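Take a look at the structure set out below.
Because the structure is a prediction, the values reported are computed rather than measured.
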Amino acid sequence: MDQLESKYPGRKKGVFMPNDTHANVLLNILFQKYGKLPETYQIIGFDDSPISREAVIPMSTVGQQISVIANEAMNILSAQMAERKKRRPEPLKEPVHKIIPPILIRRETTV
């Protein structure tokens, strides 16, 4: 945080954290120093864990669509199992790639 403050004094700082726990740590440091989330900071965590909702102020986060991921994984597994039941199964020659877009959950740490 000290590096951000010295490099960008008085400027808006958008900070993407690797997970919601780290985002909460930054939020707590800012609250200890300023008593609030300064308007110059916008924080986004990652993983939509419960801490993102239970922090001193609810934090914006990037959420994974777990139910969609699980559904796609089960579809791929079911297709592979059905193929193995065939008299002459043909195993996959290439890995299956599915893109499941994450979602931004806006809360009080971003505008």
Side-chain angles (χ1 to χ4, degrees):
M1 188 188 87
D2 292 335
Q3 187 178 12
L4 284 173
E5 292 284 322
S6 64
K7 192 168 182 176
Y8 305 103
R11 294 176 60 191
K12 281 209 174 223
K13 296 164 258 317
V15 184
F16 287 89
M17 299 301 284
N19 58 50
D20 291 335
T21 301
H22 285 93
N24 189 48
V25 169
L26 176 59
L27 185 61
N28 286 335
I29 290 169
L30 290 168
F31 262 81
Q32 288 174 1
K33 185 170 182 176
Y34 298 106
K36 63 178 184 170
L37 177 62
E39 290 183 14
T40 56
Y41 279 88
Q42 298 205 12
I43 303 170
I44 298 178
F46 185 86
D47 69 20
D48 193 27
S49 66
I51 199 166
S52 67
R53 295 178 293 280
E54 298 164 0
V56 64
I57 60 172
M59 296 181 298
S60 295
T61 186
V62 175
Q64 300 296 310
Q65 299 184 60
I66 302 301
S67 60
V68 176
I69 293 169
N71 189 43
E72 289 295 331
M74 291 307 299
N75 289 340
I76 293 168
L77 181 59
S78 294
Q80 289 176 345
M81 289 170 61
E83 183 63 32
R84 296 277 319 246
K85 290 179 184 177
K86 292 180 179 178
R87 185 172 193 167
R88 292 188 181 179
E90 290 188 31
L92 294 173
K93 293 178 180 28
E94 298 286 327
V96 176
H97 293 279
K98 296 282 182 172
I99 297 174
I100 297 154
I103 53 174
L104 175 62
I105 301 166
R106 292 179 185 263
R107 295 195 180 110
E108 297 178 36
T109 58
T110 58
V111 178

(message) Minimum heavy-atom separation for Ala23 and Gly45, please, with both atom names.
(response)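 The answer is CB-CA, 3.9 Å.
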(request) Give the minimum heavy-atom separation between Arg53 and Ser49, together with the two atoms involved. (result)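 Scanning both residues, the minimum pair turns out to be NH1-O, 3.9 Å.
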(message) My understanding is that a hydrophobic cluster links ILVMFWY residues whose side chain heavy atoms are under 4.5 Å apart, including indirect links. Using that, what else belongs to the cluster containing Ile44?
(response)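 Reading the cluster by chain and number, Ile44 sits alongside Phe16, Phe46, Val62, Leu104.
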(message) Which residues end up grouped with Met74 if you chain together Ile, Leu, Val, Met, Phe, Trp and Tyr wherever their side-chain heavy atoms are less than 4.5 Å apart?
(response)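 Members alongside Met74: Leu77, Met81.
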(message) To the nearest 0.5 Å, what is the distance between CG on Asn28 and CG on Leu26?
(response)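 Output value for this atom pair is 9.0 Å.
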(request) Go through the steps to decide whether Thr40 and Tyr8 satisfy the test side-chain contact (heavy atoms from CB on, under 4.5 Å), and finish with yes or no. (result) CA-CA 10 Å; Thr40 56; Tyr8 305 103; over 6 Å; no
(request) Check whether more than 12 heavy atoms from other residues, nucleotides or ligands sit under 6.0 Å from atom NZ of Lys13, and answer yes or no. (result)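 More than 12 within 6.0 Å, yes.
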(message) Tell me if the CZ atom of Arg106 is crowded by more than 12 foreign heavy atoms within 6.0 Å.
(response)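 Incorrect, the count does not exceed 12.
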(message) Between Gln65 (side chain only) and Ile100 (backbone N and O only), is there a donor and an acceptor less than 3.5 Å apart?
(response)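 Judged by distance alone, no pair lies under 3.5 Å.
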(request) Would you check if the side chain of Glu90 reaches a backbone N or O of Glu83 as a donor-acceptor pair within less than 3.5 Å? (result)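 Checking the backbone N and O of Glu83 against the side chain of Glu90, no donor-acceptor pair under 3.5 Å is found.
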(message) Do Thr61 and Ser52 pair up side chain to side chain, a donor and an acceptor below 3.5 Å, judged on atom types alone?
(response)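 There is no such pair (donor and acceptor under 3.5 Å, judged by atom type) between the side chains of Thr61 and Ser52.
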Are [X] and [Y] connected, step by step, through hydrophobic side chains (Ile, Leu, Val, Met, Phe, Trp, Tyr) whose heavy atoms are closer than 4.5 Å?
| X | Y | result |
| --- | --- | --- |
| Ile103 | Val68 | no |
| Met59 | Phe31 | yes |
| Ile57 | Ile105 | no |

(request) Identify which one of Thr109, Leu30, Leu27, Thr110 satisfies the side chain to side chain contact (heavy atoms under 4.5 Å, CB included) criterion when paired with Tyr41. (result)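 For Tyr41, the side chain to side chain contact (heavy atoms under 4.5 Å, CB included) test succeeds with only one of Thr109, Leu30, Leu27, Thr110, which is Leu30.
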